[in-house]
Amino acid sequence: MSLGKFLVRRILQGVFVIWGVVTILFGLRAVSPGDPANLMLAEGATQDLVEQVRREEGLDEPIYVQYFDYLQGLVVGDFGYSWQSNREVEAMVIERIPATVELAVAATIVAIVIAIPLGVISATRRNQPSDYGATLFSLLGISTPNFWLGLMLILVFGVWFGIPYPTFGTSAIGILGVTIPYPSSIWYGMIEFPTGRRGPSFADAALAIVSSGSLSEMGTWLKHITLPALTLGTYFTALITRLTRSGMVDELGKPYVTATEAKGLPLVLIRYKHVLRNTMIPIITVLGLQMGTLLGGAVITETVFNWPGLGLRLIDAIDMRDWPLMQGIVVFIALAFVTINILVDAVYASLDPQVSEE
(Lines give C-alpha, C1' and ligand atoms only; values in the text may rest on other atoms or scores of the structure.)
Protein backbone atom coordinates (compact mmCIF):
# COMPACT_ATOMS: atom_id res chain seq x y z
CA MET A 1 0.00 0.00 0.00
CA SER A 2 1.35 3.41 -0.95
CA LEU A 3 1.91 6.12 1.65
CA GLY A 4 -0.94 8.18 0.21
CA LYS A 5 -3.46 5.33 0.48
CA PHE A 6 -2.21 4.58 3.99
CA LEU A 7 -2.82 8.19 5.07
CA VAL A 8 -6.28 8.27 3.46
CA ARG A 9 -7.18 5.10 5.36
CA ARG A 10 -5.91 6.54 8.64
CA ILE A 11 -7.82 9.81 8.09
CA LEU A 12 -11.05 7.92 7.38
CA GLN A 13 -10.51 5.88 10.54
CA GLY A 14 -9.97 9.15 12.43
CA VAL A 15 -13.21 10.61 11.06
CA PHE A 16 -15.04 7.48 12.17
CA VAL A 17 -13.57 7.82 15.68
CA ILE A 18 -14.63 11.48 15.91
CA TRP A 19 -18.12 10.60 14.68
CA GLY A 20 -18.32 7.91 17.38
CA VAL A 21 -17.28 10.36 20.09
CA VAL A 22 -19.83 12.93 18.90
CA THR A 23 -22.60 10.32 18.75
CA ILE A 24 -21.89 8.94 22.22
CA LEU A 25 -21.81 12.45 23.70
CA PHE A 26 -25.08 13.37 22.03
CA GLY A 27 -26.65 10.14 23.27
CA LEU A 28 -25.54 10.87 26.84
CA ARG A 29 -26.96 14.37 26.56
CA ALA A 30 -30.28 13.00 25.27
CA VAL A 31 -30.71 10.53 28.14
CA SER A 32 -29.43 12.82 30.90
CA PRO A 33 -32.11 14.02 33.31
CA GLY A 34 -33.32 17.61 33.35
CA ASP A 35 -34.84 19.99 30.83
CA PRO A 36 -32.20 21.92 28.84
CA ALA A 37 -34.55 24.88 28.53
CA ASN A 38 -34.74 25.13 32.32
CA LEU A 39 -30.95 24.91 32.58
CA MET A 40 -30.58 27.86 30.20
CA LEU A 41 -32.86 30.09 32.24
CA ALA A 42 -32.58 31.52 35.69
CA GLU A 43 -34.41 29.84 38.54
CA GLY A 44 -38.06 30.84 38.73
CA ALA A 45 -38.57 31.39 34.97
CA THR A 46 -42.19 31.15 33.83
CA GLN A 47 -43.44 28.14 31.89
CA ASP A 48 -44.20 30.34 28.87
CA LEU A 49 -40.60 31.51 28.78
CA VAL A 50 -39.35 27.92 29.08
CA GLU A 51 -41.53 26.89 26.13
CA GLN A 52 -40.32 29.85 24.10
CA VAL A 53 -36.66 28.92 24.67
CA ARG A 54 -37.40 25.29 23.82
CA ARG A 55 -38.89 26.34 20.46
CA GLU A 56 -36.08 28.82 19.67
CA GLU A 57 -33.35 26.26 20.40
CA GLY A 58 -35.07 23.47 18.50
CA LEU A 59 -35.44 21.36 21.62
CA ASP A 60 -39.04 20.53 20.73
CA GLU A 61 -37.88 18.75 17.56
CA PRO A 62 -37.49 14.93 17.44
CA ILE A 63 -34.17 13.71 18.78
CA TYR A 64 -32.90 12.55 15.38
CA VAL A 65 -33.55 16.03 13.93
CA GLN A 66 -31.58 17.59 16.79
CA TYR A 67 -28.78 15.05 16.18
CA PHE A 68 -28.44 15.84 12.46
CA ASP A 69 -28.68 19.58 13.14
CA TYR A 70 -25.80 19.21 15.63
CA LEU A 71 -23.72 17.18 13.15
CA GLN A 72 -24.39 19.75 10.44
CA GLY A 73 -23.19 22.52 12.75
CA LEU A 74 -19.99 20.64 13.63
CA VAL A 75 -19.12 20.18 9.96
CA VAL A 76 -19.08 23.97 9.48
CA GLY A 77 -17.34 24.60 12.81
CA ASP A 78 -20.44 25.63 14.76
CA PHE A 79 -20.35 24.03 18.24
CA GLY A 80 -23.38 25.99 19.47
CA TYR A 81 -23.73 28.29 22.45
CA SER A 82 -22.99 27.71 26.10
CA TRP A 83 -26.17 27.25 28.09
CA GLN A 84 -24.80 29.17 31.05
CA SER A 85 -22.85 32.07 29.53
CA ASN A 86 -24.60 32.22 26.12
CA ARG A 87 -21.16 32.57 24.48
CA GLU A 88 -19.99 30.64 21.42
CA VAL A 89 -18.52 27.31 22.49
CA GLU A 90 -15.67 27.45 19.98
CA ALA A 91 -14.56 30.83 21.40
CA MET A 92 -14.63 29.45 24.97
CA VAL A 93 -12.56 26.45 23.85
CA ILE A 94 -10.03 28.42 21.82
CA GLU A 95 -9.26 30.90 24.63
CA ARG A 96 -8.27 28.03 26.96
CA ILE A 97 -6.12 26.08 24.47
CA PRO A 98 -2.84 28.03 25.03
CA ALA A 99 -2.77 27.25 28.77
CA THR A 100 -3.36 23.53 28.21
CA VAL A 101 -0.86 23.26 25.36
CA GLU A 102 1.72 25.16 27.42
CA LEU A 103 1.28 22.73 30.31
CA ALA A 104 1.43 19.66 28.04
CA VAL A 105 4.60 20.88 26.32
CA ALA A 106 6.23 21.70 29.69
CA ALA A 107 5.36 18.20 30.97
CA THR A 108 6.88 16.69 27.83
CA ILE A 109 10.09 18.69 28.29
CA VAL A 110 10.28 17.57 31.93
CA ALA A 111 9.91 13.96 30.79
CA ILE A 112 12.60 14.24 28.11
CA VAL A 113 15.10 16.03 30.33
CA ILE A 114 14.74 13.54 33.19
CA ALA A 115 13.82 10.25 31.51
CA ILE A 116 16.41 9.85 28.77
CA PRO A 117 19.53 10.40 30.95
CA LEU A 118 17.97 8.23 33.65
CA GLY A 119 17.23 5.45 31.17
CA VAL A 120 20.76 5.58 29.76
CA ILE A 121 22.32 5.41 33.23
CA SER A 122 20.02 2.54 34.19
CA ALA A 123 20.86 0.53 31.05
CA THR A 124 24.61 1.07 31.24
CA ARG A 125 24.82 0.28 34.96
CA ARG A 126 22.60 -2.77 35.16
CA ASN A 127 22.14 -4.47 38.52
CA GLN A 128 23.77 -1.56 40.31
CA PRO A 129 22.16 0.81 42.85
CA SER A 130 21.51 3.48 40.17
CA ASP A 131 19.69 0.87 38.04
CA TYR A 132 17.56 -0.24 40.99
CA GLY A 133 16.80 3.40 41.83
CA ALA A 134 15.71 4.18 38.26
CA THR A 135 13.56 1.04 38.13
CA LEU A 136 11.90 1.96 41.44
CA PHE A 137 11.29 5.50 40.17
CA SER A 138 9.68 4.14 37.00
CA LEU A 139 7.47 1.80 38.97
CA LEU A 140 6.34 4.56 41.34
CA GLY A 141 5.85 7.03 38.48
CA ILE A 142 3.59 4.69 36.52
CA SER A 143 1.68 3.58 39.61
CA THR A 144 1.08 7.01 41.16
CA PRO A 145 -2.19 8.73 40.17
CA ASN A 146 -1.86 12.31 38.99
CA PHE A 147 -4.38 13.70 41.44
CA TRP A 148 -2.60 12.10 44.42
CA LEU A 149 0.82 13.36 43.34
CA GLY A 150 -0.56 16.85 42.75
CA LEU A 151 -2.16 16.92 46.18
CA MET A 152 1.09 15.73 47.80
CA LEU A 153 3.06 18.50 46.07
CA ILE A 154 0.51 21.04 47.28
CA LEU A 155 0.78 19.56 50.77
CA VAL A 156 4.56 19.88 50.76
CA PHE A 157 4.97 23.26 49.07
CA GLY A 158 1.64 24.86 49.95
CA VAL A 159 0.99 23.59 53.48
CA TRP A 160 4.24 22.44 55.04
CA PHE A 161 6.19 25.28 53.44
CA GLY A 162 3.24 27.61 53.93
CA ILE A 163 3.37 29.08 50.41
CA PRO A 164 -0.13 28.70 49.00
CA TYR A 165 -0.11 31.47 46.37
CA PRO A 166 2.37 34.09 45.28
CA THR A 167 0.08 36.98 46.23
CA PHE A 168 -0.64 35.39 49.61
CA GLY A 169 2.91 34.26 50.26
CA THR A 170 4.11 34.02 53.80
CA SER A 171 7.37 34.97 55.40
CA ALA A 172 7.80 31.79 57.39
CA ILE A 173 8.06 28.02 56.92
CA GLY A 174 5.81 25.69 58.90
CA ILE A 175 7.34 22.25 59.52
CA LEU A 176 5.61 19.74 61.81
CA GLY A 177 3.73 22.53 63.53
CA VAL A 178 6.85 24.63 64.13
CA THR A 179 6.99 28.00 62.38
CA ILE A 180 10.46 28.91 61.15
CA PRO A 181 11.01 32.38 59.64
CA TYR A 182 12.82 32.53 56.36
CA PRO A 183 16.40 33.68 56.83
CA SER A 184 16.11 36.17 53.99
CA SER A 185 13.82 37.26 51.20
CA ILE A 186 16.27 35.69 48.71
CA TRP A 187 15.76 32.24 50.28
CA TYR A 188 12.02 32.77 50.20
CA GLY A 189 12.15 33.55 46.51
CA MET A 190 14.23 30.46 45.76
CA ILE A 191 11.83 27.95 47.30
CA GLU A 192 8.61 29.61 46.22
CA PHE A 193 6.58 27.26 44.02
CA PRO A 194 3.03 28.56 43.58
CA THR A 195 0.52 25.74 44.01
CA GLY A 196 -2.42 27.41 42.34
CA ARG A 197 -3.47 29.55 39.37
CA ARG A 198 -1.40 30.48 36.36
CA GLY A 199 1.22 33.20 36.17
CA PRO A 200 2.23 35.00 32.99
CA SER A 201 2.12 32.92 29.83
CA PHE A 202 5.36 31.76 28.23
CA ALA A 203 4.70 34.11 25.29
CA ASP A 204 4.36 37.10 27.63
CA ALA A 205 7.52 36.10 29.54
CA ALA A 206 9.49 35.71 26.30
CA LEU A 207 8.16 39.06 25.05
CA ALA A 208 9.31 40.74 28.29
CA ILE A 209 12.84 39.43 27.69
CA VAL A 210 12.85 40.67 24.11
CA SER A 211 11.31 44.07 24.86
CA SER A 212 12.98 45.02 28.14
CA GLY A 213 15.56 42.32 28.84
CA SER A 214 13.79 41.51 32.10
CA LEU A 215 14.00 37.90 33.32
CA SER A 216 11.56 38.33 36.19
CA GLU A 217 8.52 37.39 34.09
CA MET A 218 10.23 34.20 32.90
CA GLY A 219 11.15 33.35 36.50
CA THR A 220 7.54 33.81 37.60
CA TRP A 221 6.34 31.64 34.72
CA LEU A 222 8.78 28.89 35.69
CA LYS A 223 7.64 28.96 39.33
CA HIS A 224 3.99 28.72 38.38
CA ILE A 225 4.38 25.87 35.89
CA THR A 226 6.92 23.74 37.80
CA LEU A 227 4.56 21.77 40.05
CA PRO A 228 1.76 21.22 37.47
CA ALA A 229 4.34 20.13 34.86
CA LEU A 230 5.95 17.70 37.33
CA THR A 231 2.55 16.28 38.22
CA LEU A 232 1.45 15.84 34.62
CA GLY A 233 4.83 14.64 33.40
CA THR A 234 5.66 12.05 36.08
CA TYR A 235 3.84 9.15 34.42
CA PHE A 236 5.30 10.19 31.08
CA THR A 237 8.80 10.38 32.61
CA ALA A 238 8.52 6.89 34.07
CA LEU A 239 7.27 5.48 30.76
CA ILE A 240 10.10 7.03 28.71
CA THR A 241 12.67 5.91 31.31
CA ARG A 242 11.56 2.30 30.89
CA LEU A 243 11.50 2.57 27.11
CA THR A 244 14.98 4.10 27.02
CA ARG A 245 16.37 1.45 29.34
CA SER A 246 14.88 -1.50 27.44
CA GLY A 247 15.90 -0.04 24.08
CA MET A 248 19.44 0.61 25.26
CA VAL A 249 19.77 -2.89 26.73
CA ASP A 250 18.69 -4.41 23.41
CA GLU A 251 21.08 -2.26 21.40
CA LEU A 252 24.05 -2.81 23.73
CA GLY A 253 23.81 -6.56 23.04
CA LYS A 254 24.10 -6.20 19.26
CA PRO A 255 27.25 -7.11 17.31
CA TYR A 256 27.93 -3.60 16.02
CA VAL A 257 28.48 -2.41 19.61
CA THR A 258 31.06 -5.15 20.17
CA ALA A 259 32.74 -4.23 16.89
CA THR A 260 32.94 -0.54 17.76
CA GLU A 261 34.34 -1.41 21.19
CA ALA A 262 36.95 -3.62 19.51
CA LYS A 263 37.98 -0.67 17.33
CA GLY A 264 38.77 1.25 20.49
CA LEU A 265 36.03 3.89 20.35
CA PRO A 266 35.34 5.53 23.72
CA LEU A 267 32.39 4.04 25.62
CA VAL A 268 30.75 7.44 26.00
CA LEU A 269 30.81 7.94 22.22
CA ILE A 270 29.41 4.45 21.59
CA ARG A 271 26.58 4.81 24.10
CA TYR A 272 25.44 8.37 23.42
CA LYS A 273 26.11 8.69 19.67
CA HIS A 274 25.45 5.25 18.23
CA VAL A 275 23.36 3.26 20.70
CA LEU A 276 21.12 6.10 21.97
CA ARG A 277 20.45 7.32 18.41
CA ASN A 278 19.19 3.88 17.39
CA THR A 279 17.00 3.80 20.51
CA MET A 280 15.34 7.15 19.83
CA ILE A 281 12.96 6.11 17.00
CA PRO A 282 10.44 4.22 19.18
CA ILE A 283 10.83 6.87 21.91
CA ILE A 284 9.96 9.67 19.46
CA THR A 285 6.93 7.65 18.34
CA VAL A 286 5.71 7.25 21.90
CA LEU A 287 6.37 10.94 22.60
CA GLY A 288 4.08 11.92 19.75
CA LEU A 289 1.35 9.47 20.70
CA GLN A 290 1.46 10.47 24.37
CA MET A 291 0.98 14.18 23.58
CA GLY A 292 -2.69 13.40 22.95
CA THR A 293 -2.86 11.53 26.24
CA LEU A 294 -1.34 14.53 28.02
CA LEU A 295 -4.14 16.76 26.74
CA GLY A 296 -6.68 14.38 28.26
CA GLY A 297 -4.69 13.85 31.45
CA ALA A 298 -4.40 17.60 31.94
CA VAL A 299 -8.04 17.62 33.12
CA ILE A 300 -7.05 16.28 36.54
CA THR A 301 -3.85 18.30 36.88
CA GLU A 302 -5.55 21.55 35.90
CA THR A 303 -8.31 20.92 38.41
CA VAL A 304 -5.87 20.20 41.24
CA PHE A 305 -3.73 23.28 40.52
CA ASN A 306 -6.58 25.57 39.39
CA TRP A 307 -4.79 25.88 36.05
CA PRO A 308 -7.08 27.80 33.64
CA GLY A 309 -6.95 25.39 30.72
CA LEU A 310 -9.44 23.20 28.87
CA GLY A 311 -9.52 20.62 31.66
CA LEU A 312 -10.63 23.09 34.32
CA ARG A 313 -13.24 24.53 31.95
CA LEU A 314 -14.53 21.00 31.30
CA ILE A 315 -14.96 20.37 35.02
CA ASP A 316 -16.79 23.71 35.39
CA ALA A 317 -19.06 22.75 32.46
CA ILE A 318 -19.84 19.41 34.09
CA ASP A 319 -20.64 21.12 37.39
CA MET A 320 -23.07 23.46 35.62
CA ARG A 321 -24.43 20.72 33.30
CA ASP A 322 -23.50 22.90 30.35
CA TRP A 323 -23.76 20.18 27.69
CA PRO A 324 -22.79 22.22 24.57
CA LEU A 325 -19.58 23.34 26.29
CA MET A 326 -18.85 19.81 27.54
CA GLN A 327 -19.37 18.38 24.06
CA GLY A 328 -17.20 21.06 22.45
CA ILE A 329 -14.25 20.45 24.79
CA VAL A 330 -14.39 16.65 24.55
CA VAL A 331 -14.71 16.76 20.77
CA PHE A 332 -11.71 19.10 20.58
CA ILE A 333 -9.60 16.77 22.78
CA ALA A 334 -10.62 13.79 20.64
CA LEU A 335 -9.83 15.74 17.47
CA ALA A 336 -6.39 16.71 18.80
CA PHE A 337 -5.68 13.11 19.86
CA VAL A 338 -6.67 11.71 16.44
CA THR A 339 -4.72 14.39 14.55
CA ILE A 340 -1.53 13.78 16.55
CA ASN A 341 -1.85 10.03 16.01
CA ILE A 342 -2.26 10.46 12.26
CA LEU A 343 0.75 12.78 12.07
CA VAL A 344 2.90 10.34 14.05
CA ASP A 345 1.76 7.47 11.84
CA ALA A 346 2.61 9.50 8.76
CA VAL A 347 6.12 10.26 10.01
CA TYR A 348 6.64 6.66 11.10
CA ALA A 349 5.37 5.28 7.77
CA SER A 350 7.67 7.62 5.85
CA LEU A 351 10.63 6.37 7.91
CA ASP A 352 9.64 2.70 7.78
CA PRO A 353 7.58 1.73 4.66
CA GLN A 354 6.73 -1.65 6.23
CA VAL A 355 4.32 0.15 8.59
CA SER A 356 2.01 1.13 5.73
CA GLU A 357 1.95 -2.49 4.56
CA GLU A 358 0.58 -3.78 7.87
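Just so it is clear, the values below take in all heavy atoms, side chains as well, and ignore hydrogens, waters and symmetry mates. This chain uses plain numbering: 1 for the first residue, then up along the sequence.
Using a 3.5 Å distance cut-off with no hydrogens or angles, the side chains of Arg242 and Ser138 do not pair a donor with an acceptor.
Residues passing the side-chain contact (heavy atoms from CB on, under 4.5 Å) test with Phe79, sequence neighbours excluded: Leu74, Val89, Glu90, Val331. Remark: Arg125 pairs with no residue by the side chain to side chain donor-acceptor pair (under 3.5 Å) rule, at least two apart or across chains. The ring-ring contact (aromatic ring centres under 6.0 Å, His included) check on Phe332 picks up nothing, with sequence neighbours excluded. Shown here are the side-chain contact (heavy atoms from CB on, under 4.5 Å) partners of Val110, two or more places apart in sequence or in another chain: Ile114, Ala229, Leu230, Thr237. Among residues two or more places apart in sequence or in another chain, the ring-ring contact (aromatic ring centres under 6.0 Å, His included) test is passed with Trp148 by none. For Thr100, the side chain to side chain donor-acceptor pair (under 3.5 Å) partners at least two apart in sequence or on another chain are Glu302.
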Report task. Evaluate side-chain contact (heavy atoms from CB on, under 4.5 Å) for Ile225 paired with Trp307, printing each intermediate quantity in order. Result -> CA-CA 9 Å; Ile225 205 168; Trp307 188 265; 3.8 Å; yes
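The number of heavy atoms from other shown groups lying within 6.0 Å of OH (Tyr256) is above 12. For Tyr67, the OH atom sits in a packed shell: over 12 heavy atoms of surrounding residues, nucleotides or ligands are nearer than 6.0 Å.
In the hydrophobic cluster analysis, where Ile, Leu, Val, Met, Phe, Trp and Tyr join through side-chain heavy atoms closer than 4.5 angstrom, Leu153 is grouped together with Phe147.
Within the 3.5 Å criterion, the main-chain N or O of Leu276 finds no donor-acceptor partner in the side chain of Glu251.
The two atoms that bring Pro228 and Thr301 nearest to each other are O-CG2, 3.6 Å, heavy atoms only.
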